[in-house]
Every structure is written in C-alpha cells, then in structure tokens.
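Data first, discussion second: the structure below is written as structure tokens.
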Amino acid sequence: MDTYDLQIKSAEGQLSVLQLTDPHLFAEESGTLLGVHTAQSFKAVLESILNQNLHFDCVIVSGDISQDYSVSSYQRFAHAVSVLERPVFFVPGNHDDGPLMYRILSDYGVNTQRCLIADKWQFVFLNSEVYSVPHGWVERHELNYLRDRIEERPDLNTVVVVHHLPRHVNSRWLDTQTMHNQDEFNSFICNFPQVKLVLSGHVHQEYDQIFNNIRYIASPSTSIQFEPYSHDFALDLKGPGWRYLQFDWSGNINTQVFRLPEGRFIPDTSFTGY
C-alpha cells in the first residue's frame with residue numbers, strides 16, 4: 001500500500017508533526033560536514049526534542065538524510081530516530097540515493113509510503129532529486145501522482161512535501177540550486193485549492209511565506225546553517241534546528257522553530273562551498 005492512515009490521538013483535535021531536515025549523515029559516526037559532526041548534532045537535536053515533551057503524531061524528514069549515499073548512513077539515521085517512537089516519513093534530497101532509500105529504509109522501521117492521511121489532512125511526498133547535482137526537478141509523473149492523490153480525496157487539505165523549496169530565498173548562490181522547474185511546479189499546484197502548504201528542506205534556514213494562497217515553509221538543518229540573503233556561499237552560526245507544526249481540521253497551520261543553543265556545533269566558516 002502506498003498510503004499510510006494515521007490515527008490521531010490528540011485530545012485537542014489537532015495533528016502535530018515534527019519536521020527534521022538535512023542531517024547529512026555519513027557512513028562513519030565521526031564524519032564531519034564543514035567542521036560539524038553531523039551524527040552528534042543530529043543526536044543532540046533528538047535529545048532536545050525528547051526533553052521538550054512535545055506531543056507529535058509523526059515525523060517528516062525533508063531530505064538530505066545522507067551526505068555520502070551510504071547504506072550505513074541510512075541505518076544510522078533509522079536507529080537514531082527510533083528513539084522518537086513515532087511513525088517516520090521522508091523524501092529524498094540531492095545528497096541522497098533515492099532508490100536505495102525506498103529499497104532499504106522500511107527494513108529499519110522507516111515508512112516508505114508516499115501518501116499519509118490523518119483525518120482531514122493528507123501529506124503527499126514528492127521526489128525532486130536529480131542524482132548527484134545540487135538543484136532539483138520534479139518530474140511530470142510526480143506531479144501526476146499528486147494530482148491523482150488530490151482527485152482521489154478532494155475533501156482533504158493537502159500538504160506537499162518536497163526537498164527543494166520551489167521559491168527563491170534571495171541568496172544568489174543558493175538560488176542557483178533551487179528547484180529548476182519551480183514555475184511549472186507552482187503553476188501546477190495552484191490548480192488545486194486543496195493544497196495548503198509546501199513543506200521543504202534544502203535551504204538550511206527558516207522560510208515561511210504565502211504565495212497564491214499557498215504557504216511555503218522550509219526549516220533549519222539539524223547540521224549546518226546557511227547565512228540568509230548571502231551573495232556568495234556563507235555559513236550561519238545559529239544552532240541546528242527543527243520545526244514543530246500543528247494542523248487543525250479547519251485548514252489552519254501553526255508552527256514554531258526550535259534550535260540548539262549557539263556555540264555547541266560551530267562550523268568552519270573558512271569553507272567557500274560544499
């Protein structure tokens with residue numbers, strides 16, 4: 001089955017979702033990305049989430065789980081997120097091996113379904129990966145899959161989850177690595193008033209804007225952060241982060257970003273790219 005039906009247990013009548021993104025894990029636990037031990041920063045994020053005692057019904061990971069395409073990095077990820085004790089869903093990022101992920105992750109307890117339904121909401125997971133290059137592209141068959149899911153359940157509010165944010169963030173270097181067919185993507189989803197949100201990763205920073213009555217959200221990475229509005233490649237010293245979202249049955253979305261304190265995971269700012 002390609003659809004996961006999630007039973008909501010919230011007494012407040014809300015669906016609560018934890019978004020994690022861009023862990024960039026390696027086969028070796030000691031692996032570093034621009035000076036940050038990504039396995040350690042991911043573990044620290046998970047520990048902070050558990051200490052918050054937030055209620056959440058599921059976890060969505062919006063890509064770049066791996067940095068080196070390795071089986072071991074995905075095993076490491078699955079073992080780490082198991083402490084959250086909630087269903088986990090994902091989309092591939094540009095540093096991932098999408099076919100490998102869909103082939104093995106279910107063996108380690110991570111869900112590979114591409115549609116999640118929870119009462120009045122559905123989440124459709126699309127693949128924007130173009131293997132081994134930074135930019136993204138959503139193929140027509142992916143858009144058709146989204147259309148089919150909406151037409152099958154037109155009564156549901158819809159969230160599109162995709163790694164590459166289909167908007168520019170006014171950062172010259174990063175905007176060259178966006179979803180390269182974002183005009184096609186955005187024009188397509190505008191045909192469906194059911195689409196309330198596009199939830200993404202990739203940009204390693206906070207983003208929350210509304211265009212054509214659709215909300216676009218991206219979130220901090222659990223590893224390194226990119227400096228907003230930077231002309232050339234630049235790293236931000238803000239701490240690794242995560243996002244908490246609440247969806248009510250009338251279609252409203254509330255969200256909050258949390259971060260680890262600055263100074264725990266400091267990147268090497270001498271790098272000019274990665």
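What you see is a predicted model, and the numbers here were worked out from it, not measured in a lab.
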_Is the ring pair Phe192/Phe188 parallel, tilted or perpendicular, if the boundaries are 30 and 60 degrees?_
tilted
*asked:* Assess, by modelled atom type and distance only, whether the side chains of Ser223 and Thr38 contain a donor and an acceptor separated by less than 3.5 Å.
replied: no
*Would you check if Leu235 and Ile224 make a side-chain contact, meaning some heavy-atom pair closer than 4.5 Å?*
yes
*Report the C-alpha separation of His55 and Asn53 in whole Å, then their side-chain angles, then the decisive distance to 0.1 Å, and conclude whether the side chain to side chain donor-acceptor pair (under 3.5 Å) test is met.*
CA-CA 6 Å; His55 167 79; Asn53 291 317; over 6 Å; no
*asked:* Tell me if a side-chain donor or acceptor on Asn157 pairs with a main-chain N or O of Trp121 at a distance below 3.5 Å.
replied: no
*Judged by modelled atom types alone, do Thr3 and Gln113 share a side-chain donor-acceptor pair under 3.5 Å?*
no
*Going by an N to O cut-off under 4.0 Å, is there a salt bridge joining Glu152 and Arg147?*
no
*Do Tyr108 and Val83 share a hydrophobic cluster (ILVMFWY, side-chain heavy atoms under 4.5 Å, transitive)?*
yes
_Just by distance, no angles: are the side chains of Arg243 and Thr255 close enough, under 3.5 Å, to form a donor-acceptor pair?_
yes
*More than 12 heavy atoms of other residues, nucleotides or ligands under 6.0 Å from OH of Tyr229: is that the case?*
no
*State, to 0.1 Å, how close Val169 and Leu174 come at their nearest heavy-atom pair, and which atoms those are.*
CG2-CD2, 3.9 Å
*Separation between CG of Asp268 and CG of Leu33, rounded to the nearest 0.5 Å*: 11.0 Å
_Side-chain donor or acceptor of His180 paired with backbone N/O of Thr176 under 3.5 Å_ = yes
*asked:* Return the CZ to CD distance between Phe226 and Gln177, rounded to the nearest 0.5 Å.
replied: 7.0 Å
*asked:* How close do Gly98 and Glu129 get, counting heavy atoms only, and between which atoms?
replied: N-OE1, 3.2 Å
_Pairwise distance CG(Asp175) to NE2(His168) - rounded to 0.5 angstrom_ = 4.5 Å
*Tell me, do Val198 and Pro166 make a side-chain contact under 4.5 Å, heavy atoms counted?*
yes
*Would Phe90 and Tyr131 show up in the same hydrophobic cluster when neighbours are defined by side-chain heavy atoms closer than 4.5 Å?*
no
*Measure the NE2-CE distance between His135 and Met179 for me, rounded to the nearest 0.5 Å.*
11.0 Å
*Is the number of heavy atoms from other residues, nucleotides or ligands within 6.0 Å of CD (Glu151) greater than 12?*
yes
*Same apolar cluster (I L V M F W Y, side chains within < 4.5 Å links), Leu15/Phe56*: no
*Could you tell me the separation between the CZ atom of Arg215 and the OH atom of Tyr207, rounded to the nearest 0.5 Å?*
12.0 Å
_To check you understand the geometry: which heavy-atom pair defines the closest contact between Leu237 and Glu262, and what is its length?_
O-CG, 3.6 Å
_Sub-4.5 Å side-chain heavy-atom contact between Gln205 and Pro220_ = no
*In terms of hydrophobic clusters joined by side-chain contacts under 4.5 Å, are Val161 and Ile214 together?*
no
*Run the side-chain contact (heavy atoms from CB on, under 4.5 Å) check on Ile217 and Leu245 step by step: do they pass?*
CA-CA 10 Å; Ile217 287 177; Leu245 304 105; 4.2 Å; yes
*asked:* Donor-acceptor check, side chain of Ser230 to backbone of Phe233, threshold 3.5 angstrom: yes or no?
replied: no
*asked:* Tell me whether Gln52 at atom CD has more than 12 heavy atoms from other residues, nucleotides or ligands lying less than 6.0 Å away.
replied: yes
*Taking the side chain as every heavy atom from C-beta outward, state whether Ile65 and Met101 have any pair of such atoms under 4.5 Å apart.*
yes
_Test item: Glu47 side-chain N/O and Val45 main-chain N/O as donor-acceptor pair under 3.5 Å_ = no
*How about Ile60 and Leu18: do any of their side-chain heavy atoms sit closer than 4.5 Å?*
no
*For residues Ser62 and Gln19, is any side-chain donor paired with an opposing acceptor at under 3.5 Å?*
yes
*In Å and rounded to the nearest 0.5 Å, what is the CG to CZ distance from Asn111 to Arg86?*
13.5 Å
_Donor-acceptor pair, distance only, cut-off 3.5 Å: does the side chain of Arg76 make one with the backbone of Leu25?_
no
*For Arg259 and Gly239, indicate whether the former's side chain and the latter's backbone hold a donor-acceptor pair under 3.5 Å.*
yes
*Heavy-atom pair with the smallest gap, counting every atom of Ser132 and Tyr69*: CA-OH, 3.5 Å
*Answer yes or no: is there a side-chain heavy-atom contact under 4.5 Å between Tyr244 and Ser16?*
yes
*Does the side chain of Tyr216 pick up a donor-acceptor pair with the side chain of Asn186 at under 3.5 Å?*
yes
*If you draw a 6.0 Å radius around CG in Asn213, do more than 12 non-hydrogen atoms from other residues or ligands fall strictly inside?*
no
_Using only atom types and a distance under 3.5 Å, with no angle test, would you say the side chain of Thr222 pairs donor to acceptor with the backbone of Phe42?_
no
*Aromatic ring proximity Tyr4/Phe125, centre distance under 6.0 Å*: no
*Tell me, with the steps shown, if Leu100 and Arg103 meet side-chain contact (heavy atoms from CB on, under 4.5 Å).*
CA-CA 5 Å; Leu100 175 64; Arg103 193 163 63 246; 3.5 Å; yes
*When you look at Leu146 and Thr158, which way does the side-chain contact (heavy atoms from CB on, under 4.5 Å) test go after all the steps?*
CA-CA 9 Å; Leu146 172 62; Thr158 297; 4.2 Å; yes
*Is there a donor-acceptor contact under 3.5 Å from the side chain of Asn252 to the main chain of Asp248?*
no
*List the steps, then state whether side-chain contact (heavy atoms from CB on, under 4.5 Å) holds for Phe247 with Ile8.*
CA-CA 11 Å; Phe247 303 84; Ile8 305 304; over 6 Å; no
*Report the relative orientation of the aromatic rings in His24 and His204; use parallel for angles under 30°, tilted for 30 to 60°, perpendicular for over 60°.*
tilted
_Transitive ILVMFWY side-chain link Leu20 to Ile253, under 4.5 Å_ = no
*What pair of heavy atoms forms the shortest contact from Val133 to Asn94, and how long is it?*
O-CB, 3.3 Å
*With a cut-off of 6.0 Å (strictly less than), are more than 12 heavy atoms of other residues, nucleotides or ligands near NE2 of His79?*
no
_So for atom CG, which belongs to Asn212, do other residues, nucleotides or ligands contribute more than 12 heavy atoms lying within a distance under 6.0 Å?_
no
*Establish, yes or no, whether a centroid distance under 6.0 Å links the rings of His95 and His202.*
no
*asked:* Give me the atom names and distance for the closest heavy-atom approach of Leu116 to Cys58.
replied: CD2-SG, 3.9 Å
*asked:* When you compare the side chain of Leu50 with that of Leu84, does any pair of heavy atoms fall below 4.5 Å?
replied: yes
*Does a side-chain heavy-atom distance below 4.5 Å link Asp64 with His163?*
yes
*Do we see a donor-acceptor contact under 3.5 Å between the side chains of Tyr74 and Asp96?*
yes
*Mark yes or no for whether Gln246, through its side chain, and Val17, through its backbone, hold a donor-acceptor pair below 3.5 Å.*
no
*Would you confirm whether Ser200, through its side chain, and Val162, through its main-chain N or O, come within 3.5 Å as a donor-acceptor pair?*
yes
*asked:* Between Asp232 and Arg172, does any side-chain N to carboxylate O distance fall below 4.0 Å?
replied: yes
